[in-house]
Amino acid sequence: MSSAALAQGAFDAQGKLVWPPPGTQSIVTQSFDGNARSNKQGIAFLNQQFRRTGGGSPHTQFQDVPQQGSLHGTPALRMGNDVAHTILTISQIPEAELVRQRIRASFWYRARGSAAVAEMIYSASSALDTPERAFGGARFSVKFYPTGRATDDGWVELSTGPVDAFLQNGRNPNFKFKPRLVRISKAAALDTLVGGPRPPSNSAVWIDAFMIESVGAQAVSPNSCTLMNQNSVCGVEGACFGGSCVDAAPILGNVPETQRIHEEYLARQAFRLKNFAGGRVPQQRAQNLRQGLLSVPKENLENYWRNYNRAHDNLADGHLSTPLTRFSQRLPAPACLYLATPDSSSTQAGVLPMVVKTGYFSGQLRPGDIVERIDNVLPEAWINRAGAYLSYSGDQIGRYFILTAELLAVAVQTNATLRMSRCRQPNDDGSCASENREFFNFRPGALDDTYVMQGSQPAWWQNPRVTCDFRITRLGPDNPSDLGDEVEFADEADSIRRIQISGVSGQGGWASRVRRATRDIGNRVLLDQRTGFGGTFTGVEMLLGPFLSASERPMVELVPQMNPEYTAQDRSTLQQCSQNAGEVCGGFFQLDLINGNPVRRVPNARVAIVNGRDVSGNDYLPFSLKAREGGFTRIFGPVPTYGAFGPILTLPRIAGEIIGGSVQYHDTIFRRDRMDPNLTFHTGRGVPPDVSLYQKQSDLYRGRDTLLEAARAWLRGDE
Amino acid sequence: MKYLQIVLPAFLALTSACNSRATTTLLGPAKISALDAGIPKPSFDAMVPGPMDAMVIVPPDSGIHPDAAVPVDTGVVFPDAGTPPVRQMVNYQLTGSPGPENYVNNPPLDLVAAVAPIATRGDLTHWMPARTPTMLPAVRSGRSNQILISAHSPQGNSSASIWVGVPENSNLTLPDVMLIGVNRAGLDQVPLQPTEGFPTILDGIQWQQFTAMSRLDFRGQIYFYIENSRNPVFYLNGPELRLLPATAQLRDAKLIRARPLLGAQAQRAQSLIGRYNRKLREKLEAPKLSLPKTPSPKQH
């Protein structure tokens with residue numbers, strides 16, 4: 001920041017901040033002088049009750065800071081030991097002061113054991129102004145980021161940057177989101193929410209000079225729009241939401257207002273991915289990440305987020321997730337769409353999204369309906385255009401398939417129009433005569449306005465919920481509430497043991513069910529892992545072990561980033577070090593995948609694996625089964641697995657985010673045994689299917705699961 | 001173990017009234033006259049960018065009166081001893097004075113991250129005073145006597161730095177601070193040594209910087225290892241590991257050579273590093289996109 005910019009926050013002779021700065025058009029100012037809990041100028045404290053259980057009493061929650069310590073005027077606000085979060089309601093600001101305004105909210109904090117983090121929350125109704133609304137749920141917000149200004153005694157300024165005061169929807173004049181709550185949290189208190197330790201009992205943070213100011217006229221007009229035309233219709237600051245242009249920041253997320261801070265934030269993200277990422281493909285691709293992230297100006301926010309997500313996705317680290325900056329959430333799917341082979345499409349596209357479970361839209365959709373176009377373009381093009389909402393960081397060959405399952409939730413948010421085709425009366429073989437094919441438009445956003453118009457949780461969030469696991473038929477309940485621990489198995493005709501998993505947790509009930517599923521296993525096994533959330537090496541070993549001969553000794557070697565690259569000499573050095581000192585050598589480690597301790601071994605078994613969306617532990621499992629020496633393994637599926645060969649690590653937070661993101665610090669070399677000289681890394685390239693296959697629409701009409709049928713045919717030896 | 005009695009909690013405000021950087025000074029430690037305790041200390045070449053800006057101003061705390069033992073904010077008003085100081089604006093940096101190009105995995109010492117520092121005994125506490133030597137948060141350790149912080153090893157001439165603090169009124173017993181990594185010779189260490197000068201005192205904590213420059217050839221991950229045996233409460237802040245510019249001319253005499261990690265200290269360090277590495281390899285899972293649960297209004 002330049003000297004001139006720093007000097008804008010000049011101090012008076014007593015060292016107090018001259019605030020608001022001359023020329024500021026303040027709407028609300030609160031310097032917490034006098035009685036800090038009074039309702040002044042449109043601000044009130046909403047949450048007297050957010051305090052440590054059993055600790056302190058309400059009157060000690062907020063204390064005044066010594067006058068000489070405050071930044072402005074007399075005392076500041078002290079969030080003391082018992083206060084985790086302070087929630088201000090600003091909904092009493094007269095509407096006339098916000099209409100057609102672009103605003104900026106800011107305040108200063110001084111850490112006394114903990115920093116402060118904050119969000120300004122938009123909602124449509126004061127009825128929703130409850131403390132709980134300040135955390136998660138379906139609503140929109142902007143985060144306060146450091147502006148780059150601080151004082152030499154430790155006060156730090158945070159701001160939202162410019163944002164429109166109202167989010168209006170041109171389709172409905174009554175629609176009006178406005179900022180209603182400001183949640184200021186101790187950073188240490190957020191740690192507890194994400195599994196960290198309890199905040200230190202004696203930490204405090206001081207707050208001063210809170211302000212909402214006008215910084216000009218509303219930037220975005222509520223024009224009608226679609227995802228496809230939003231850049232031309234909504235302007236630089238806008239995004240299409242609910243079919244109407246609104247400021248992109250509360251919907252998609254804001255970024256630091258100050259360019260220097262913004263660039264520093266991206267520079268750190270890029271540096272750690274470039275230098276710490278373990279995956280060899282990701283680390284190569286991260287060499288120019290910083291330039292790529294900075295290539296789109298942050299002022300063009302929808303383009304910025306689309307570029308940001310895609311730049312990270314293109315690294316092909318399936319364990320990568322970008323930092324979670326706000327309490328906002330991806331919407332769950334209201335119905336299940338999977339990419340499928342249509343038999344009755346009007347397009348030449350090989351695969352298109354097909355309805356498999358109608359879920360909340362049972363009155364409008366039927367299983368087998370095909371999405372031909374969205375907002376007048378092919379679905380794949382539309383999904384690529386929705387990159388500000390959607391991301392997929394695994395092997396990019398699977399991008400279209402994986403993201404199709406999230407298509408409907410984005411269509412609701414943007415009020416997209418889906419051009420659907422339906423077969424009124426399928427033939428006995430599941431095909432569809434052209435005269436039986438009909439087309440209709442479907443606009444899912446029109447069926448439930450609660451989300452886009454009120455910021456409430458959409459109805460399908462609770463009722464009825466569908467589980468979209470890429471399966472057409474499944475063992476067990478149709479819509480299990482928790483897939484992660486699932487193990488189902490059944491014996492089918494032709495001596496086929498069918499095992500259905502959705503991860504490889506290796507723990508507790510999962511482990512005991514896998515033991516049962518493999519205890520008396522035969523030589524034909526159908527492993528359905530069309531959803532595979534991963535798990536542990538223990539879980540991989542338990543499902544691999546029965547299919548290895550007693551003499552096989554496969555192992556994995558996990559190697560962090562090395563420059564110059566890992567060599568046989570390094571292997572020798574690190575192994576020698578490990579033998580002498582234990583698992584302490586350079587973050588390098590190796591594991592034998594033979595500890596499954598199987599009750600029964602069937603090394604000559606035929607194993608048919610049916611893949612869908614498979615990551616991490618569910619990358620290792622099919623790779624290892626394919627690599628075994630005996631038997632035959634064949635993979636049936638539409639696309640490769642994620643290719644995330646390594647443990648997932650959560651990253652530290654840079655700017656008061658809720659979660660700092662995640663990445664892999666290792667890549668994996670598979671070796672047949674300790675003599676195997678192989679040095680090939682695998683992250684970034686998923687395990688491809690041997691038989692590339694999508695569900696067929698005609699099979700769905702006949703109640704047939706295309707992939708399972710193909711797998712069974714191979715197990716029987718029909719092909 | 002080396003002992004250094006801190007005689008004077010010193011500040012030296014280098015006035016910058018005549019300096020064009022009067023309003024752009026970085027927050028950081030005072031530049032303090034040398035204190036010779038008979039300890040060999042590295043000094044930085046003039047061409048090597050130091051980890052901290054030397055021309056810094058650290059004014060007395062303005063109205064903050066920390067507890068003698070542990071700097072705790074009590075909210076209690078104390079009378080001010082003198083004229084309130086005139087504040088100055090400084091540049092805030094998200095990544096602190098080390099900047100973004102820091103090979104330490106977790107410079108803010110975020111305890112929620114998988115690559116969080118770990119301690120042999122007792123829990124670490126994340127602690128953010130108003131001011132630290134680097135603007136980054138600190139961790140506070142009670143009875144833990146060994147702490148591990150991970151980094152990726154750059155290849156070539158590098159500088160390493162970390163700040164160790166104790167409550168202002170305590171006597172700082174210098175801990176052993178080192179980088180540990182593996183090279184062709186096996187498990188080696190590079191000792192970090194206290195920099196010249198008095199410690200810096202900020203908000204009730206006296207800070208001592210430890211530094212080293214070395215030609216690193218470690219492979220993969222390396223570790224800052226801090227072994228403290230005497231200080232009942234101590235703080236760590238701002239671990240930094242930088243690859244020095246290729247143009248930096250360093251005399252070999254200034255480079256600290258890696259040496260074998262031996263004896264009981266080696267066993268203690270290996271135990272801690274082993275625990276850290278086992279923790280890192282636990283999860284083969286999909287990235288989690290879900291949010292934490294909304295806290296109950298009655299608790300946090």
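Letters A, B, ... mirror the listed sequences (proteins, then strands); counts begin at 1.
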Contacting moiety of Cys577(A), where chain B heavy atoms sit under 4.5 Å: side chain
Taking it one step at a time, do Leu71(A) and Phe11(A) satisfy side chain to side chain contact (heavy atoms under 4.5 Å, CB included)? CA-CA 9 Å; Leu71(A) 182 69; Phe11(A) 300 101; 4.3 Å; yes
Answer yes or no: is there a donor N or O on one side and an acceptor on the other, between the side chain of Thr147(A) and the main chain of Arg149(A), under 3.5 Å? yes
Using heavy-atom distances under 4.5 Å, tell me whether Pro256(A) contacts chain B through its side chain, its backbone, both, or neither. neither
Neighbour count above 12 (heavy atom, 6.0 Å) for Arg290(A) CZ: no
Tell me yes or no: between the side chains of Asn275(A) and Glu101(B), is some donor less than 3.5 Å from an acceptor? no
Can you tell me which portion of Leu651(A) sits under 4.5 Å from chain B's heavy atoms? Options are side chain, backbone, both or neither. backbone
Heavy-atom check, side chain of Ser203(A) versus side chain of Trp127(B), under 4.5 Å: yes
Using a cut-off of under 4.5 Å on heavy-atom pairs, state which of Thr125(B), Asn183(B), Val115(B) scores highest against chain A. Val115(B)
Short side-chain to backbone donor-acceptor contact, Thr573(A) and Arg184(B), under 3.5 Å: no
Go through the atoms of Arg272(A) and report whether side chain, backbone, both or neither lie under 4.5 Å from a heavy atom of chain B. neither
Taking Glu240(B) for its side chain and Tyr103(B) for its backbone only, find out whether a donor-acceptor pair lies under 3.5 Å. no
State, to 0.1 Å, how close Ile205(B) and Pro129(B) come at their nearest heavy-atom pair, and which atoms those are. CD1-CG, 4.1 Å
Looking only at Gly660(A), Ala644(A), Cys585(A), most heavy-atom pairs under 4.5 Å shared with chain B are made by Cys585(A)
Which bit of Tyr620(A) comes within less than 4.5 Å of chain B, counting heavy atoms only: side chain, backbone, both or neither? side chain
So for Pro652(A), is it side chain, backbone, both, or neither that comes closer than 4.5 Å to the heavy atoms of chain B? both
Okay, Ser114(A) and chain B: the region with an atom under 4.5 Å from a heavy atom over there is backbone
Let me know if Ala581(A) has heavy atoms under 4.5 Å from chain B in its side chain, its backbone, both or neither. both
Ser505(A) backbone acceptor or donor facing Thr536(A) side chain under 3.5 Å: yes
For chain A, which residues of residues 266-280 of chain B have heavy atoms nearer than 4.5 angstrom: Gln270(B), Ile273(B), Gly274(B), Asn277(B), Arg278(B), Leu280(B)
For a 4.5 angstrom cut-off between non-hydrogen side-chain atoms, does Tyr665(A) reach Gln221(B)? yes
Most contact-rich option vs chain B, by heavy-atom pairs under 4.5 angstrom, among Asp570(A), Ile261(A), Val156(A), Asp191(A), is Asp570(A)
Winner by heavy-atom pair count (cut-off under 4.5 Å) against chain A, out of Leu136(B), Asn106(B), Asn102(B), Leu187(B): Asn102(B)
Any donor-acceptor pair under 3.5 Å from Arg140(B) side chain to Val233(B) backbone: no
Heavy-atom cut-off 4.5 Å, strictly under: side chain, backbone, both or neither for Ala655(A) against chain B? both
Go through Ala188(A), Ser616(A), Gly646(A), Gly534(A) and name the one with the most non-hydrogen pairs under 4.5 angstrom from chain B. Ser616(A)
Cation over ring face, Arg219(B) and Phe588(A), 6.0 Å, 45°: no
Any sub-3.5 Å donor-acceptor pair from Thr134(B)'s side-chain atoms to Ser97(B)'s backbone N or O? no
Measure the acute angle between the ring planes of His152(B) and Phe276(A), then classify it against the limits of 30° and 60° as parallel, tilted or perpendicular. parallel
Examine whether an atom of Leu320(A) lies under 4.5 Å from a heavy atom of chain B, and if so say whether it belongs to the side chain, the backbone or both; otherwise answer neither. backbone
Checking heavy atoms, do the side chain of Leu591(A), its backbone, both or neither come under 4.5 Å from chain B? side chain
